[in-house]
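All remarks here apply to the structure that follows.
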There are 2 protein chains.
Amino acid sequence: METTRDKLINATFDEVFSHGYQGASLADILAKAGVHKGSMYHFFANKKEMALAAIEETILKKNADKYRYVETYTSGFLEEFYKQLHDTSVRDFKRGCPIANIVQEMSNIDEDFNTLMKSIYGAFRANIKAILDKAIEVKEMKPCDTTKLALFITSTIEGAILAAKASGNAQDYVDVIEELIEHIERKR
Amino acid sequence: METTRDKLINATFDEVFSHGYQGASLADILAKAGVHKGSMYHFFANKKEMALAAIEETILKKNADKYRYVETYTSGFLEEFYKQLHDTSVRDFKRGCPIANIVQEMSNIDEDFNTLMKSIYGAFRANIKAILDKAIEVKEMKPCDTTKLALFITSTIEGAILAAKASGNAQDYVDVIEELIEHIERKR
DNA sequence: TTGAGACTTGACTAATCGGTCAAATTTTGT
DNA sequence: ACAAAATTTGACCGATTAGTCAAGTCTCAA
């Protein structure tokens, strides 16, 4: 059952993803959630706290399963990772990447957003690094500076999503990913 | 002499760069510019037209000289490009990249912003492609798909700036650029 | 010198913003 | 059954938003 709080979290994330935090209207969120204002203030102290909760909880939930295979697999780490990268069905090139969007909009404006996004982006990098470390461990890849390579990969992915958003052409994302994989493959 | 219009353009760009378009307050822009509201509406139809003008004019002006060497040089194109990439003094890692910021915030919200940013981001890619084509022409590089490589480079640069903004660590940008140059070097 | 157009001033408007709160209702534990 | 707690309702608030406009000043050409 979707609780009132759930409705608010979902509507807030969607509204913030679409219009940014500053562009997100509380009235629109409430209308979308079908929740009254006073009810919302029962669950959250203010708009900002609700948005921070929506971002953190939604992204954590999304990533919970996404990288599970790193712990369960015993081989084929890179193949699975490449498959993930190529899967455009999980991407929304119109709105872009939720993480990147909020970093861009809020990191230099608000300390609480900055702290949260630093943690989320850091987790993204850590997840990629874990894949690379596993690949090296099972000799699918030569040892290298995985921290740096993970940084490079995350940067390029975010840039690829941005390029597709800017051009309105999903193929741009695919092209960048191809070149990125080529780059990783040279390290095997 | 800085005209009233200049003051408005500069203040608007700075305010939009700092707080985004939606977060930019007209009152703050006017205060920063030292211009009264009615005066502003003499030069611009509304906030949006002023912001679009500020973005286009400021970025065009910035890029006017930046890639001039591509037409004047006869060799050393890649070296000059690498030098540019390494120059962190032109970067503002707190606020990020103005182009990326506005693409992220506005491309999926407003058609006019979308059109403008598509053009600006496209010009960025074209500039990088021109460098690569020149490098190939004078045999500093093996022939390759420069459209695709330019897309990859611009994506990675934007991603690098974002990474530095997210972490608050300029070194992240440097690390990504190093790896990017390594990638380009393999194509020589 | 004078009139016309460019530019400036700042008070004003309507709409929307996030936020408050007391009262009503529903849910829960005993 | 009853009381206490959790939740919901929706009217209301002051502040801020972008935008309007009539009156005033300045510049410059005839």
Side-chain angles (χ1 to χ4, degrees), chain A residues 1-58 101-102 105-106 108-114 116, chain B residues 1-58 101-102 105-106 108-114 116:
Chain A
M1 173 228 179
E2 194 182 32
T3 64
T4 298
R5 192 179 181 282
D6 289 341
K7 286 182 202 164
L8 286 169
I9 289 287
N10 294 336
T12 300
F13 184 83
D14 191 68
E15 193 68 11
V16 169
F17 191 17
S18 291
H19 299 98
Y21 170 71
Q22 297 175 106
S25 153
L26 215 38
D28 290 354
I29 292 173
L30 295 171
K32 182 177 290 183
V35 169
H36 290 268
K37 188 168 276 197
S39 204
M40 174 225 137
Y41 278 96
H42 172 74
F43 290 99
F44 301 100
N46 49 46
K47 180 192 176 188
K48 182 173 140 183
E49 293 305 319
M50 183 165 70
L52 289 170
I55 293 162
E56 178 166 21
E57 293 175 22
T58 306
N101 289 3
I102 298 162
E105 184 192 0
M106 298 303 295
N108 59 316
I109 290 182
D110 183 279
E111 196 48 50
D112 295 317
F113 274 94
N114 182 34
L116 175 62
Chain B
M1 173 227 178
E2 194 183 31
T3 65
T4 298
R5 192 179 180 284
D6 289 340
K7 286 182 203 164
L8 286 169
I9 289 287
N10 294 337
T12 300
F13 183 82
D14 190 68
E15 193 68 12
V16 169
F17 190 16
S18 292
H19 299 98
Y21 170 70
Q22 298 175 108
S25 153
L26 216 38
D28 288 354
I29 292 172
L30 295 171
K32 184 178 290 185
V35 170
H36 289 268
K37 187 168 275 193
S39 204
M40 173 227 138
Y41 277 97
H42 172 75
F43 289 98
F44 301 100
N46 48 48
K47 179 192 176 187
K48 181 173 141 183
E49 293 305 319
M50 182 165 71
L52 288 169
I55 292 162
E56 178 167 22
E57 294 175 22
T58 305
N101 289 2
I102 298 162
E105 183 191 359
M106 297 303 296
N108 60 316
I109 289 182
D110 182 278
E111 197 46 52
D112 296 316
F113 273 95
N114 183 34
L116 175 62

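In what follows, chains carry the letters A, B, and so on, assigned in the order in which the sequence lines appear, proteins first and then strands, with residues in each chain numbered from 1. Everything numeric in this text was worked out from a predicted model, so none of it was measured. Scope of the values below: all heavy atoms of this structure, side chains included, with no hydrogens, waters or symmetry mates.
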#### Entry: Donor-acceptor pair, side chain of T12(A) and main chain of L8(A), under 3.5 angstrom
yes

### Query
Are any of the side-chain heavy atoms of F43(A) and M50(A) separated by less than 4.5 Å?
no

### Message
In the structure I gave you, are the side-chain heavy atoms of Q22(A) and I109(A) within less than 4.5 Å of one another anywhere?
### Response
yes

### Query
Over how many whole Å does the gap from K7(A) atom NZ to dT7(D) atom C1' extend?
12 Å

### Task
Whole angstrom is fine here: how far is it from NE2 in H19(B) over to P in dT16(D)?
15 Å

### Cation-pi check, K47(B) onto Y21(B) ring (under 6.0 Å, within 45° of axis)
yes

### Query
Do the side chains of L26(B) and Y41(B) get nearer than 4.5 Å, heavy atoms only?
yes

### Task
Mark yes or no for whether N114(A), through its side chain, and E111(A), through its backbone, hold a donor-acceptor pair below 3.5 Å.
no

### Query
How about H36(B) and L30(B): do any of their side-chain heavy atoms sit closer than 4.5 Å?
no

#### Entry: d(CZ, R5(A); P, dA6(D)) in whole Å
16 Å

### Between P of dG10(C) and CE of M40(B), the distance in whole Å
17 Å

### Query
Once you round it to whole Å, what is the distance between C1' of dA18(D) and CD of Q22(B)?
14 Å

### Task
Give a yes/no on whether any side-chain N or O of H42(B) is located under 4.0 angstrom from OP1 or OP2 of dC7(C).
yes

### Query
Are any side-chain N or O atoms of S39(A) and backbone N or O atoms of V35(A), one a donor and one an acceptor, separated by less than 3.5 Å?
no

### Query
Between dT9(C) atom P and F43(B) atom CZ, what is the distance in whole Å?
11 Å

### Summary
Per-nucleotide protein contact along nucleotides 21-29 of chain C, 5' to 3', at a 4.0 Å heavy-atom cut-off (B base, S sugar-phosphate only, - neither), is B--------

### Task
Take atom CG of L26(B) and atom C1' of dT16(D), then tell me their distance rounded to the nearest Å.
12 Å

### Query
Does H36(B) or A24(A) map to a spot on DNA chain C nearer the 5' end, using the closest nucleotide for each?
H36(B)

### Query
Is there side-chain contact between F44(B) and I9(B), with at least one heavy-atom pair below 4.5 Å?
yes

### Query
At how many degrees, to 10°, do the end axes of the helix from dT1(C)-dA30(D) to dT30(C)-dA1(D) meet when each uses five pairs?
10°

### Message
Counting only side-chain nitrogens and oxygens, does T4(A) get under 4.0 Å of the OP1 or OP2 atom of dT8(D)?
### Response
yes

### Task
Starting at atom CZ of F44(B), determine the distance to atom P of dT8(C), rounded to an integer number of angstrom.
12 Å

### Task
Name the closest nucleotide to the S25(B) side chain, picking from dT9(D), dT17(D), dT9(C).
dT17(D)

